[in-house]
Participant: 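Encoded as structure tokens, here's the structure I'll be asking about.
Numbers for residues simply follow the sequence, beginning at 1. Atoms within each ligand, like the ligands themselves, are counted from 1 in listed order.
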Amino acid sequence: MNGAPNSPAGAAGLAVPRVVTPTVAIRDRVERFPVHRIYCVGRNFAEHAREMGAEPSRPSEPPVFFMKPADAVVADGATIAYPRGTSELHHEVELVVALGADHDGVLAAADALALVFGYAVGIDLTRRDLQARAKAKGLPWDVAKGFDQSAPISAITPVADGGHPHPDAVLALTVNERTVQRAPLADMIFSVPDVLHELSKLYDLRAGDLVFMGTPSGVGPLQPGDRFVAAVEGVAMLHGRIAG
Ligand code: MN
């Protein structure tokens, strides 16, 4: 084999059609944000950890991380097919951090915000029945979390335009106009700098990475035909619908 696994095809060309880099809209800009990886934080709100029957993360322990594929992103305003393989699709509204620069090795929390390109709101769609089965057997969460269309996300508001969100900013989700999740960002156990610091202990961070920051309590089912509106107050808003 020649070269690194991710090296360009060069003159030899590609054996199958080129994979298209998924992208996310950027508020008030023509340019789009290319998605490299999607990292997610679990159990970052104490009340949500308790409603899932788990102990909240403690700052003395590393956060729980998992991933979704980059092409799981779904644009604002889309209709999402009810995923197969589940009868318990759940919503988890989350602040999403979009990285605008690379960092190799461990990143100090004090330097972390300089890496942030902008912020969005997203939903960590979850096949809760499959997650419960995986947890019971000590198996990985991939099929519960990393499925097609599992990452609806709003347009990204660049830090250059909107700054960093205020801790009092409210993260909220309505389903069919009823508020089901609502909490200030200050309720997160691990802050954005903490999460980027911890993530950098495990992975080299890259421009194009998205980080879903974890969900507050109130997770619950989405049914065919449901309409949702997710928001981080003053930062981003996302509309969507489950087909049916
Ligand atoms: Mn989540």
Participant: Check whether any side-chain heavy atom of Pro63 sits under 4.5 Å from a side-chain heavy atom of Asn44, and report yes or no.
Facilitator: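 The answer is no; the side chains never approach within 4.5 Å.
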Participant: Of the options Val180, Thr179, Leu238, which is the one that meets Leu173 in a side-chain contact (heavy atoms from CB on, under 4.5 Å)?
Facilitator: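 Output: one option passes, namely Val180.
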Participant: For the Mn ion (ligand 1), which protein N/O/S atoms fall under 2.8 Å? Skip waters.
Facilitator: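 Checking every protein N, O and S atom gives Glu92 OE1, Glu94 OE2, Asp124 OD2.
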Participant: Given His90, which of Arg128, Gln131, Arg127 fulfils the side-chain hydrogen bond (donor to acceptor under 3.5 Å, both in side chains) condition?
Facilitator: Arg128
Participant: Pro165 and side-chain contact (heavy atoms from CB on, under 4.5 Å): which partner among Leu185, Thr157, Val192?
Facilitator: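 For Pro165, the side-chain contact (heavy atoms from CB on, under 4.5 Å) check succeeds only for Leu185.
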Participant: Is the Tyr119 ring parallel, tilted or perpendicular to the His164 ring (thresholds 30°, 60°)?
Facilitator: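 If you compare the ring of Tyr119 with that of His164, the planes turn out perpendicular.
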Participant: Measuring centre to centre across the rings, with the benzene-like ring taken for any Trp, is Tyr39 within less than 6.0 Å of Phe212?
Facilitator: no
